[in-house]
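Worksheet for the structure shown next.
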Number of protein chains: 2
Amino acid sequence: MTTTAESTGTGTSDVIATARRAREAAAALAPLPRTARDAALAAVADALEARAAEIVEANAQDIERARAAGTAAAIIDRLTLTPERIAAIAADVRDVVALPDPVGEVVRGSTLPNGLELRQVRVPLGVVGIIYEARPNVTVDAAALCLKSGNAVLLRGSSSAYSSNTALVAVLRDAVAGAGLPADAVQLVPGEGRESARELMRARGLVDVLIPRGGASLIQTVVRESTVPVIETGVGNCHVYIDELADLDMAVDILVNSKAQRPSVCNAAETVLVHAGIADRFLPRALAALTAAGVTVHGDEAWQKAGQDAGTEVVPATDADWETEYLSYDIAAAVVPDLDAAVAHIRRWTSGHTEAIVTRDTAAARRFVSLIDSTAVMVNASTRFTDGGQFGFGAEIGISTQKLHARGPMGLPELTSTKYVVTGDGHTRE
Amino acid sequence: MTTTAESTGTGTSDVIATARRAREAAAALAPLPRTARDAALAAVADALEARAAEIVEANAQDIERARAAGTAAAIIDRLTLTPERIAAIAADVRDVVALPDPVGEVVRGSTLPNGLELRQVRVPLGVVGIIYEARPNVTVDAAALCLKSGNAVLLRGSSSAYSSNTALVAVLRDAVAGAGLPADAVQLVPGEGRESARELMRARGLVDVLIPRGGASLIQTVVRESTVPVIETGVGNCHVYIDELADLDMAVDILVNSKAQRPSVCNAAETVLVHAGIADRFLPRALAALTAAGVTVHGDEAWQKAGQDAGTEVVPATDADWETEYLSYDIAAAVVPDLDAAVAHIRRWTSGHTEAIVTRDTAAARRFVSLIDSTAVMVNASTRFTDGGQFGFGAEIGISTQKLHARGPMGLPELTSTKYVVTGDGHTRE
């Protein structure tokens, strides 16, 4: 919570004024029932489709600027909105409408010995700030999840998507206001420069939490500079450990799936560790499968030797490889003497996202699970399953890799706090 | 979680070296079952009693220094340890042994459509830092709660209790080591100066959370300066609102109890707001009862007039009164036109700890509960009930007034994080 000095604020900038309006909107949103919030979201979905032409037109300006600046085709593709993509975004909003309401859930409750009725009830966090990169769909996704959970949202997107985001937020605000909710529940943070992001990070007392979504450098900047509480998301230096008693077919499948099914995402594997007892049998098969999937192996001496034997190039690995989140068709690879050595390697180098063990040995699985201190531990399953959608949460605002408040995929409950409601009939303390 | 650069650390000071040892100890503690942790706590309780003389002797040095420095008698009393007080502290440790184990609790679990078994399991946070003031009993309480929840603890007490804390921690470490746990699970942060506290606050990646316990100034310093995640505790500018339809006897009882039963604590009331419709009847009774309890009223014009009518002095209130946490026999007092004005006043000035309404009107109670955004809302009950012991949690490490991670009294579950354990039989993602 805030101290008074903080709530009254110290700055008078546009960003602070925006945050203050968000705070007012949050106060108005908090007591509204689900029906009011769901009606606003349904209106948002309809408006996105009805005003798709206007959004595409604004998006064209961003694309034009990106082309002029020589931006890579893959990034321009991520930036691009078409009527079809807008329809898909609207469909996602309708999915959010259908999700259970986290607000008002009684998390814990009891009647105390003195007859006081104690309830711990989920309430919105208040004002949620999202700092993100060039995907304009995040603008709508984040706003929808925040509105569903009763929060006001401050959106601070990339300057490269500024026209798109401005058009999207205009549509969102009109729809929200048309449904009778405060338009300021959804606001774009004004200004395109770094200074406005910095002001947002310093708006402690006005903004309840900041969630950075994007690359490691963005996330680290926010973690370092923000005085507003931050939920750290997404950096994934994930490991797959192949135990001595692994089923080798399963091990190859899980390794290749973890690395190569979609290498650009945070839950893709970046390092494979192999028990020395099966290295002779596993390394040739793994090398062949990884190579067939287009993956370059950065290996220790054992992997380099296996590469020589197989006539496959293995790049010699350095410490930099153990700590790198490649996000590409590359993997670091080492042979370890035993499970405890694998755990020690992981504890030394992991970003704490997801680690997998492949084994038929129940004792090894149990020991690995108990010793690994990461967001998710997979036993005989691909690292790629750490995901709000896969976990059945229906929506995901990001994957927290920190230990406080939320750890792992964050759905709607993670966008709430709680308060205690205590009811008596004149109870006083002796 | 930590990035690698952070876990490997940047400093080489004594504080950082201490934090590194805590991190190692935390890794060793995490997989231990409850029986091991409980046995260590039982050994701690026995050792405190067995070595009480040694602790009292060390405590005498702190008391001597405090007397020489002209410290107030009340503070010296808080600092003082006697064999009886040590026995009471040991009894508290035995109570912690008997509490349920938070570690390993399955918070959420399901079998996903593809057959993957998903479990969200409570795990220790890791390394918990406590920064606190002159009460040496906090040294043992905090260490016991951290050990029970599988965490290593870094204790940074007041320099005025340094001899006592050093003796207590020596006893704790010996007992913990004697029970086969790493002694470094309990450490005093070396150094007495501000620099060592500052280093602790900057040990991000080594320390998982810092919990400041003490006055508002200590807490604000930690919140402002720490790059380690902080759980903000304890500042309580609590309000009691007397609604138009209040039972006036009940209202007087709750008001006096909230203010005067123990004014020095964070859940004591600091402001009373009265609906204009009952001011004429309520103010004279409230003034008489507050005065009889030794409370000075700092009132608005309506309260000042009621004071003149009753021949009781009412100090004119200024904005400073609305924002002050007196922690004394003083209360700010205002008459408000209606419930919404009371809510607006509270939202403007509260520290977000506890607010109470006294009313017989169910609609008013419901509206107050839905509009107040504080840790606890009391309906027809004293603000003094916001307390881990009163709530039945069995133990309390502090009362969080922030919205992330924990809000309200923090017991053992609030000293944990969770991780996801996902079990398959070769599952890969399509």
Side-chain angles (χ1 to χ4, degrees), chain A residues 1-4 27 30-31 110 112 116 118 123 125-126 208-209 220 227 229 235 247 250 253-254 257 261 323 347 349 351-352 369-371 373-382 384-386 390-392 401-405 407-408 417-429, chain B residues 1-4 27 30-31 110 112 116 118 123 125-126 208-209 220 224 229 232 235 247 250 253-254 257 261 323 347 349 351-352 369-371 373-382 384-386 391-392 401-405 407-408 417-429:
Chain A
M1 261 306 293
T2 65
T3 66
T4 305
S110 63
L112 302 179
L116 275 178
L118 178 71
V123 295
L125 283 168
D208 291 293
V209 62
Q220 284 310 311
T227 59
V235 176
D247 174 311
M250 184 193 290
D253 285 352
I254 286 175
N257 188 263
Q261 195 255 351
E323 84 175 333
R347 290 190 76 105
W349 297 107
S351 65
V369 166
S370 82
L371 293 178
D373 182 29
S374 294
T375 290
V377 188
M378 302 286 164
V379 178
N380 295 331
S382 169
R384 291 275 295 113
F385 284 109
T386 303
Q390 294 293 319
F391 280 8
T401 51
Q402 67 180 30
K403 290 186 182 173
L404 288 190
H405 186 71
R407 198 177 192 203
S417 182
T418 61
K419 70 181 174 194
Y420 286 98
V421 179
V422 184
T423 308
D425 50 13
H427 285 69
T428 54
R429 212 171 139 179
Chain B
M1 259 307 291
T2 65
T3 67
T4 305
S110 64
L112 302 178
L116 274 179
L118 178 71
V123 294
L125 283 168
D208 292 293
V209 61
Q220 283 311 310
R224 211 171 39 240
E232 198 172 340
V235 177
D247 174 310
M250 185 194 290
D253 284 353
I254 287 176
N257 188 264
Q261 195 255 351
E323 83 176 334
R347 290 189 76 105
W349 298 107
S351 65
V369 166
S370 82
L371 292 178
D373 182 28
S374 294
T375 289
V377 188
M378 302 286 164
V379 178
N380 295 330
S382 169
R384 293 274 295 112
F385 284 108
T386 304
F391 280 9
T401 50
Q402 69 179 30
K403 291 186 182 172
L404 288 191
H405 185 70
R407 199 178 191 202
S417 182
T418 60
K419 70 180 175 196
Y420 287 97
V421 179
V422 184
T423 308
D425 50 12
H427 286 70
T428 54
R429 214 171 138 179

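What you are looking at is a predicted structure, and each value in this text was computed from that prediction instead of being measured. Below, read A as the first sequence line, B as the second, and so on, with proteins coming before strands; counting in each chain starts at 1.
- Contact annotation for A:Val123: only side-chain heavy atoms (C-beta onward) come within less than 4.5 Å of a heavy atom of chain B.
- Both the backbone and the side chain of B:Leu125 come within contact range of chain A, each with at least one heavy atom under 4.5 Å from a heavy atom of that chain.
- Considering CG of A:Asn380 and OG1 of B:Thr423, their distance stands at 8.0 Å, rounded to 0.5 Å.
- Annotation: maximal heavy-atom pairing with chain A below 4.5 Å, among B:Ala381, B:Gly392, B:Gly426, occurs at B:Gly426.
- Taking chain A as the reference chain and counting heavy-atom pairs below 4.5 Å, the highest number among B:Lys419, B:Met378, B:Gln261, B:Met250 is found for B:Lys419.
- Proximity to chain B involves both the backbone and the side chain of A:Leu404, based on heavy atoms less than 4.5 angstrom apart.
- A tilted orientation is assigned to the rings of B:Tyr420 and A:Phe391, their planes being inclined by 30° to 60°.
- The two residues A:Ser417 and B:Lys403 have their closest heavy-atom pair at OG-O, 2.9 Å.
- At distances below 3.5 Å, not a single donor-acceptor pair connects side-chain atoms of A:Arg429 with backbone N or O atoms of B:Phe385.
- Two residues are said to be in side-chain contact when any heavy atoms from C-beta on lie closer than 4.5 Å; A:Val422 and B:Val377 fail this criterion.
- Here B:Asn257 pairs with B:Ser382 under the side chain to side chain donor-acceptor pair (under 3.5 Å) rule; sequence neighbours left out.
- Put simply, the side chain of B:His405 gets close to the backbone of A:His405: a donor and an acceptor are under 3.5 Å apart.
- Remark: A:Thr227 pairs with A:Arg202, A:Arg204 by the side chain to side chain contact (heavy atoms under 4.5 Å, CB included) rule, at least two apart or across chains.
- In this structure, the portion of A:Leu118 lying under 4.5 Å from any heavy atom of chain B is its side chain and not its backbone.
- For A:Leu116, the part lying under 4.5 angstrom from a heavy atom of chain B is the side chain only.
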